[in-house]
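Structure, as C-alpha cells:
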Amino acid sequence: MTAIERYLAPADLDSALAALAGGNATVLAGGTDLMPQINAGKVAFRPILLNIRRIPDLRAVEVGQGRITIGALVTITELKDNPVIAKAVPLLAEAADHFASDQVRNMGTIGGNVANASPAGDTLVPLLVLDAQVELASATGRRSVPMAEFFTGPGRSVRRPDELITGLSLPLPRLRTVSRFVKFGTRPALDISAVSIGFSATLDSGRLSDVRVAFGAVGPTPMRGRATEAVLEGAPLDAGLIAKAAATAQDEVKPIDDLRASAWYRRELIHNLLGKVLSDVVSR
Amino acid sequence: MNAPQHASLIGQRIPKMDAPEKVAGKTRYIQDLNLPGQLYGLILRTERVHARIVSIDTSAAKALPGVRAVLTAADVPIHPIGVNKDNPPLKGDKVRCERDEVAAVAADSLEIAQAALKLITVEYEDLPPLFDPRDSIKPGAPVIHEAKPDNVAMAFDYAHGDVEQGEADSDVVVEDEFTLHRVTHCCMGVSGVIADFEPVSGNLTLYSNTQVPFLHKREFAEVLGMDPSRIRIIQPPIGGGFGSKLDIYPFEPIAVYLARATRRPVKLIFTREEEFIASPTRQPAIIRLRSGAKRDGTLTFRTVDVLLDNGGYTSWGATIPFVMMQTFSSLYRVPHCRYHTKAVYTNNPFAGSFRGYGNLQATFAIEQQMDKLADALGMDAYQFRLKNAQEAGEITGQGMHFKTCGFKDCLETAAGRSGFAEKRKALGAAKGLTGIRRGVGMASMLHVGGGAKIYPSDGCGTILKLDDFGHVTIMTGASEIGQGSETVLAQLVCEELGVPMSAVTVVNNDTDITPWDVGVHASRTTFIAGNSAIGAARKAKDKILAAASTVSNMRAEELDLKGGNIVRAADGEKVMPLAKMLRQLHFSDKAELVMTTNYYEPPSVHQDKGFKGDVSAAYAWATQVVEVEVDTDTGIVRLLKVWAAHDVGRVLNEMGIEGQIEGGIIMGQGYALCEDMPVVDGHLVNPAFRDYKLITAPEIPEMDIQFIETMDGEGPQGAKGVGEAPSICMAAAVANAIENATGVRITSLPFTPERVYSALKGKLQ
C-alpha cells in the first residue's frame, strides 16, 4: 500500500480542483468502491488523498430548463428517497432500491458509481437510458460528456486524472414515457448483477418512439442496445416485434464467462428478460 | 392459605443467557482479548497446490525491525496432526493444497508481520496435481502422500442382508449418480488463538475457539511433546462452530511454536479471506445409489458407492461415512444394504466436519430416489415413505435400536399441515417448462439424538455447588458455541433445585476448572451434558432435603425444592428458605457445603468392526416439506414455505429450539440454492462474502415448525438432540420440489439459477 503523503478535505470546489490539477490525487467520496479495491490491492493510493465530501455544491438536486441535475455527492439512499428525483426520473429511484445494502447506499454516491465505471454499476444502466450527461470540471475548465461516450472499458472512462465528476444532468422524460429497470442476480439483495436491463420509450397508439435500451454486465462497459432500439423504434409493439427485439438484444450483447454467470446464460437472460420487459409494457 | 404455584421451566421460552451481551455488541470475543507483551502471528501460505519445496529464504524477513521470530519446518519438531497424522503444521518437503503453511512470523504489530511475510521467498518445483477424486484413484495417478500410494485416505465398507437377493425380489430398480458440492460454515467469528507460556513454570495457556477442549488438550500435548497437565485451554465466547472447530488445525500449533520461540504471548487471528481459504469445508461427494422396491411399495435393497473428495489432508470429517451409512441402512426399513465409501486425496482444500456430518449428502441421494421409486411404482410419494418408515421398537440391520421413534408422526404432521399429497398431485399435473411453476417436495431424516459412542467415552462431567445465598454454579465440560447449551443446562438444574434462572451461573470454558467432556458434536450436548447436570443437581437436592428433614422433623420424601424454598411436597407450603438451610449446614457443627459431582455416560455401545451396534442412546427424526416457485425464464428458485416436523423428544427451551431449527433450515437452504466454493486448479475462486452467497433476509421463507414430543426415556426430561437435524432435509426436499414443478430432476448441487436454467434447457452435463 502506497503511503498517503497529504490528506485534503476542502470545503469548496475550486480548492478541490486545484488539488487535483497535478493528477496525483485519489478522490474519496463514499469509499464503498475505493476501500475494498485498496484493501484487495487492486488500487493503490496516490500521494494525495482528496476527500470531496465537504463540498456542499456537489450535493444539490435541481430541476430547470427541462433538465434535472444531480450532484455527484448525492447518495444512493437520497436517489431512492428524494421526492424530486422520484417524480422527475422514477427509473433512477427504482434502480437505487436494488443497489447493494442500506449501509452501502448510505455511503455510496452517484458520482462514485459513475467514476468506478463497473460494467455492472447499478445506476449506470438507468443513466444510459435516461440519456444523462456526465458533468466534469478541472482547474482549466468544464465539459459535459454523454453517458454513452463516457466509458472506455471496465473501470475506465474518458475522465482525466485532473478532472472531477461534479454531477449528472438528465433531460426530463417526455409525457407518455414508459421506463423499466431489471436487475438479475442470484439473490434479491446484496448482489452484483449477472445482467441488468434498462428501457425507456414514448408509447403512443401502440408504437414506441425515442426508444432507449441499455444493458449492464454483458460487455466491458454498460452499453446502449442500438440494434435493439432500431428494431423497436416506430414499429407496432406486438408479439412478433418483441421476439425480434429479444433476439436482436441477445445477439448484440458481448458478455463473458465469469464467476457470476456464463456468457451463454447471460445471453439467455437478456433474451428472456427483455421479452418480459416489453410484454409488460404492452400489457399496461 | 393457598400455596404458591411454581410453574415448570421445561418447555418455556427462555432467552439465551448470553443474548443480552451479544445483542448489545458487548461480548468480548478472542479478537477483543489482548495480553501484555503480546505479539502478532501470521502465516505464509503456499502459492502452489502440489509442489516440492526447494528452498525457503527468510533472511530478509528476520532482518526487518520489529520481527521477533520467523519459523519454517526446519525450526520445529515434525509432528503431523489430524486423524491420519498426515498434516505437519509447517510444511517442509512438499505442499499439497492451497492452505499449506510454509512459514510463520511473529512481530510487534500486525503491519510489521504483514510486511515480513512479503519478504519471504520460497522456491517450488511443481508436481503433477490432482483435482478430481475420480482421477486420484486411477492406476498410475500421482501420489499425494507417500504413505498412501493409492491416494485413499480412508475407506469404509458396510453390509447387512444380501443385496443380490434384494435385487431379485425387486419389481422396480432405480440407479442414479448424485454430485454434491463444497460449502463452508461461515462462522461469524473467524478462527483464532492466543498462545501464552507462563514465563517461569513454562505452563501453556491457549485461548482457543475449539469446540472440543479436552481432546484438543490431549492432541496439543502430543504435538508439542508436553505433559497434558501443563496445558490449559480457555475458550472466550465462540462466534459459531457448526463442526468447523472439531479438529486441531495447523495455525494452532504454529501460534504455540511462535510463542515458544519468542517467549511472548502470540495472537493469531484469521482474516475473513483466510477463513474462507484455510478453514474446513463440507465434503464434496459423488454418490452412486441403486435401490429397489416391490410392487406393493416395500423397499428391497440399496447399494451405495460414495467417493469423497478429501482434499490434501485428513480431518475428522473424513469419518462422515459413519453417519452416511446410518441413513442408507436405517432411515427406512431396508432388508438388504451394501455400502462402500472412499475418501481420497486431491490437491483441493481439505474437507472437515460440518453440521449434519455427511447426512445432508446421504439424504439428498436417498430422498430423491424415494420420489423416483414412488413414481415408478405409481404410488403416492408420501404413502410410499409411510409404508417403509421406521417405528419405535425397531432394531435395524445396523443394530440401531429405536426406543422412541416419531418418524411416522413427523411424516403425517408435515404432510398434513402442508397438504403435501394433494399439492404434489395437482402441481405435478400442471408441471411444465414455461413461465413460473410451483412444486412441493418432501424429505425426511434420521440422525443421532443421544450422543454417538465414537471415542472410548461419550460422557460429560458436571461439578455443582451452592453458595450461602442459594446461588448455583454449574461447572460443565460442555462448551457453549452459540447453540444455547448453557441456557438449557441452567434450566434443567433450576427445575431440579427449584431456583430461578437468575440464581445460576454456568462455567464452561476452562479445562483447569471444568470436568471432562468429549466435545460439541453429534447433536449430543443437551442430551449428555443435560443428563450429567441433572444428576449433579439431584445429588445436591438429596443432600439439602436430608438436612432439611432433620430440621423440620419431616421425612426427606415429604419435602421438595420450589421457588427458592424448601417446601412440603404435598401442597407446596413453605418450610424454610433454601438459603437459610444452606447457611445452617455451612455454619452448624456439621460444617458442610453443598457441592456435588456427576459423570454421565450414555447407555450406548461402540460399533463392531462391521459398523454395527446401537451407537446412540436416542435417535432424532424429522420430515420437512417445501414449496418452491421456479421461474423458467431465469432458473431462479424461490423457497416459499417450509413445513418442518421434528421428533425432539421433548421441548426444553421453546425459543432455543425454534432458533436451532430456523437457523438449520436457512443453512440447508443456502446449501441447496446458492452457497458454493468453486475451486479452479486447486484455488478457491470466491473467498469473500461478496461472492460466496449466503441466504439473506428477503429469501428466508415462511416456516411452520412443529415439535413431535416422544418423551425419550433416557433423555433429559425426555429430550433428544436436535442441533444438526434441521439442516439435513432441505436440499433433498428442494430437489423434489423442482422436479414436481418442472418435471426436471437435478442430481447435482447447488440449485443456482444458471444450473437450474441449464437443466431446464437440457444443457446440464
Side-chain angles (χ1 to χ4, degrees), chain A residues 1-3 32-33 35-37 39-42 97-104 118 120 182-197 217 242-243 246 249-250 255-280, chain B residues 110-111 114-115 117-118 271-273 433-436 629 631-639 666 669-670 672-680 683-701 750-765:
Chain A
M1 201 182 289
T2 321
T32 57
D33 279 315
M35 289 317 297
Q37 290 171 10
N39 290 336
K42 288 178 187 160
D97 199 26
H98 294 278
F99 196 107
S101 63
D102 279 334
Q103 292 89 337
V104 174
S118 161
V182 179
K183 172 179 172 174
F184 185 81
T186 307
R187 62 185 179 198
L190 270 174
D191 208 356
I192 297 172
S193 306
V195 304
S196 62
I197 299 175
I242 291 173
Q250 186 170 20
I256 55 165
D257 292 332
D258 68 14
L259 183 61
R260 275 175 270 288
S262 69
W264 168 78
Y265 180 54
R266 285 188 157 110
R267 285 185 198 275
E268 293 285 308
L269 286 174
I270 289 291
H271 177 275
N272 296 346
L273 294 174
L274 184 66
K276 273 190 177 180
V277 164
L278 295 172
S279 303
D280 182 51
Chain B
L110 207 49
E111 291 71 22
Q114 284 163 344
L117 285 191
K118 291 189 182 130
T271 61
R272 178 57 68 183
E273 184 183 25
L433 293 170
T434 55
I436 289 177
E629 193 175 79
D631 182 343
T632 61
D633 285 332
T634 60
I636 201 157
V637 177
R638 292 186 193 92
L639 190 52
I666 295 163
Q669 183 187 1
L673 293 181
C674 52
E675 291 184 47
D676 193 12
M677 303 178 89
V679 171
V680 176
H683 293 279
L684 178 65
V685 177
N686 59 339
F689 280 127
R690 183 189 62 195
D691 299 321
Y692 184 96
K693 307 292 182 191
L694 282 176
I695 294 293
T696 56
E699 300 124 276
I700 295 174
F751 301 134
T752 56
E754 179 159 358
R755 180 181 300 273
V756 172
Y757 186 82
S758 302
L760 299 182
K761 295 283 167 187
K763 282 184 181 279
L764 199 61
Q765 83 287 8

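Proteins get letters first, then strands, A, B, ... in listed order; numbering begins at 1 in each. Keep in mind that the numbers below use all heavy atoms, side chains included, and drop hydrogens, waters and symmetry copies.
Rounding to the nearest 0.5 Å places CZ of Arg260(A) at 14.0 Å from OG1 of Thr752(B). Expressed to the nearest 0.5 Å, how far CG of Leu190(A) lies from CZ of Phe689(B) amounts to 11.5 Å.
When all heavy atoms of Thr186(A) and Ile636(B) are compared, the closest pair comes out as O-CD1, 3.8 Å.
Partners of Ala189(A) under the side chain to side chain contact (heavy atoms under 4.5 Å, CB included) rule, at least two apart in sequence or in another chain, are Thr696(B), Pro698(B).
Interface summary for chain A: among Ile695(B), Leu694(B), Asn686(B), Leu673(B), the most heavy-atom pairs under 4.5 angstrom belong to Leu694(B). Counting heavy-atom pairs under 4.5 Å between each of Lys693(B), Arg638(B), Arg690(B), Glu273(B) and chain A puts Lys693(B) at the top.
Annotation: residues 270-279 of chain A contacts chain B through Asn272(A), Leu273(A), Lys276(A) [non-hydrogen atoms, separation under 4.5 Å].
Ser101(A) does not touch chain B: none of its heavy atoms, backbone or side chain, sits under 4.5 Å away. For Pro678(B), the part sitting under 4.5 Å from any heavy atom of chain A is the side chain, from C-beta outward, and nothing else.
When each of Arg755(B), Glu754(B), Lys763(B) is checked for a side-chain contact (heavy atoms from CB on, under 4.5 Å) with Tyr265(A), only Glu754(B) meets the rule.
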